[in-house]
Amino acid sequence: MPLDRFPFVSLIGRLLMCSLFTVSGIGKLMAPSATKAYIAAAGLPLPDIAYLGALIVELGFGTLLLVGFKTKPVAAAMAIFTLVTAFVFHAHFGDANQQVHFLKNLSIAGGLIQFALCGAGSISLDGLRAQRASAPE
């Protein structure tokens, strides 16, 4: 089935996917000290830089995914970020709650990989650029 047959499906998928990142990013933005302490407690060096990186991915890349701009590389970077956070923050398999978060991150990464492979669809900035590039002059 061609991707453009149901153009709103990809848009809805991007909206649902980015909602998680946006809410998480806003939470980090509202509680920087707590977030940096959590990062440091996980043993990551340079919590200030890790915090800034998380904000860039969650708010910046999340917004790019929503509007469908440079979707393939953005989604690939977000998938890597999500896998890294799964292993750094949620790989405590003796804790059932952390195991659920780990598996949730794996599932999110799977969805992001789909966007990295298939792109944003026609209702996106990438789709608009592609339409303009293929339009006869």
Side-chain angles (χ1 to χ4, degrees):
M1 170 171 40
L3 191 60
D4 288 341
R5 186 165 175 200
F6 301 101
F8 284 99
V9 173
S10 184
L11 173 63
I12 291 167
R14 292 193 329 270
L15 175 63
L16 294 172
M17 184 67 72
C18 83
S19 67
L20 174 77
F21 287 93
T22 302
V23 169
S24 182
I26 290 170
K28 286 176 178 62
L29 197 58
M30 300 304 287
S33 296
T35 303
K36 291 175 190 178
Y38 184 64
I39 292 168
L44 291 179
L46 307 168
D48 290 332
I49 293 173
Y51 171 75
L52 180 61
L55 288 178
I56 289 169
V57 170
E58 292 179 352
L59 296 175
F61 286 15
T63 300
L64 293 176
L65 181 67
L66 174 62
V67 299
F69 182 73
K70 301 286 184 180
T71 303
K72 290 181 177 187
V74 164
M78 291 174 78
I80 292 167
F81 171 83
T82 303
L83 289 171
V84 168
T85 59
F87 284 98
V88 170
F89 295 102
H90 304 302
H92 310 288
F93 303 116
D95 180 341
N97 183 47
Q98 289 300 317
Q99 186 176 16
V100 168
H101 284 294
F102 182 85
L103 293 170
K104 170 196 59 111
N105 277 35
L106 293 184
S107 298
I108 293 164
L112 289 164
I113 289 168
Q114 286 291 95
F115 283 115
L117 178 66
C118 299
S122 60
I123 303 176
S124 66
L125 293 178
D126 289 343
L128 183 61
R129 284 189 4 231
Q131 288 171 2
R132 285 185 179 167
S134 66
E137 293 184 25

| field | Point-to-point distance, once rounded to the nearest 0.5 Å, from CG of Leu65 to OG of Ser124 | value | 10.0 Å

For residues 29-36, which side-chain N or O atoms pair as donor and acceptor with protein atoms under 3.5 Å away, sequence neighbours left out?
{"from": "Thr35", "atom 1": "OG1", "to": "Ala31", "atom 2": "O", "distance (Å)": "2.8"}
{"from": "Lys36", "atom 1": "NZ", "to": "Asp48", "atom 2": "OD1", "distance (Å)": "3.2"}

| message | Any non-hydrogen side-chain atom of Asn105 less than 4.5 Å from a side-chain atom of Leu83? | response | no

| remark: When every non-hydrogen atom of Gly119 is compared with those of Thr71, the smallest separation belongs to C-CG2, 3.9 Å

| request: Quick one: which residue pairs count as a ring-ring contact (aromatic ring centres under 6.0 Å, His included) with a foot in residues 26-56, not counting sequence neighbours? | output: Tyr38-Phe89

| Cluster overlap Phe61 with Val67, hydrophobic side-chain contacts below 4.5 Å | yes

| task | Kindly state each residue pair satisfying ring-ring contact (aromatic ring centres under 6.0 Å, His included) with at least one member in residues 8-32, sequence neighbours excluded. | result | none

| Results of salt bridge (Lys or Arg N to Asp or Glu O under 4.0 Å) for Lys70 - residues two or more places apart only | none

| field | Linked, directly or transitively: Phe87 and Leu103 (ILVMFWY side chains, under 4.5 Å) | value | yes

| Would a hydrophobic clustering, with Ile, Leu, Val, Met, Phe, Trp and Tyr connected at side-chain separations under 4.5 Å, put Ile108 with Val57? | yes

| request: Would you confirm whether Ser10, through its side chain, and Ala120, through its main-chain N or O, come within 3.5 Å as a donor-acceptor pair? | output: yes

| query | Side-chain heavy atoms under 4.5 angstrom apart, residues restricted to Ile, Leu, Val, Met, Phe, Trp, Tyr: same cluster for Phe81 and Ile39? | reply | no

| remark: salt bridge (Lys or Arg N to Asp or Glu O under 4.0 Å) filter on Asp95, not counting sequence neighbours, yields none

| message | Keeping Ser24 on the side-chain end and Leu20 on the backbone end, is there a donor-acceptor pair under 3.5 Å? | response | no

| note | One should read off an interatomic distance between Ile56 CD1 and Leu64 CG, to the nearest 0.5 angstrom, of 11.5 Å

| said: If you compare all heavy atoms of Val88 against all heavy atoms of Ala42, which two are closest, and at what distance to 0.1 Å? | reply: CG1-CB, 4.2 Å

| Can you tell me how far the NZ atom of Lys104 sits from the OG1 atom of Thr82, to the nearest 0.5 Å? | 8.5 Å

| said: Hydrophobic cluster membership, with links at side-chain heavy-atom distances under 4.5 Å among I/L/V/M/F/W/Y: are Ile26 and Leu52 in one? | reply: no

| field | Euclidean distance, Leu117 CG relative to Leu112 CG, rounded to 0.5 Å | value | 12.5 Å

| note | Looking only at heavy atoms, the pair that brings Leu55 and Lys28 closest together is CD2-CB, 3.9 Å

| message | Using a 4.5 Å cut-off between side-chain heavy atoms of Ile, Leu, Val, Met, Phe, Trp and Tyr, which other residues end up in the same hydrophobic cluster as Leu66? | response | Leu15

| message | Below 30° counts as parallel, above 60° as perpendicular, anything between as tilted: where do the rings of Phe93 and Phe102 land? | response | perpendicular

| field | Contact summary for Phe115 and Arg14, nearest pair of heavy atoms | value | CE2-CG, 3.4 Å

| note | Heavy atoms of Ala116 and Ala75 approach each other most closely as N-CB, 3.6 Å

| query | Rounded to the nearest 0.5 Å, how far does CG of Leu44 lie from CD1 of Ile49? | reply | 11.5 Å

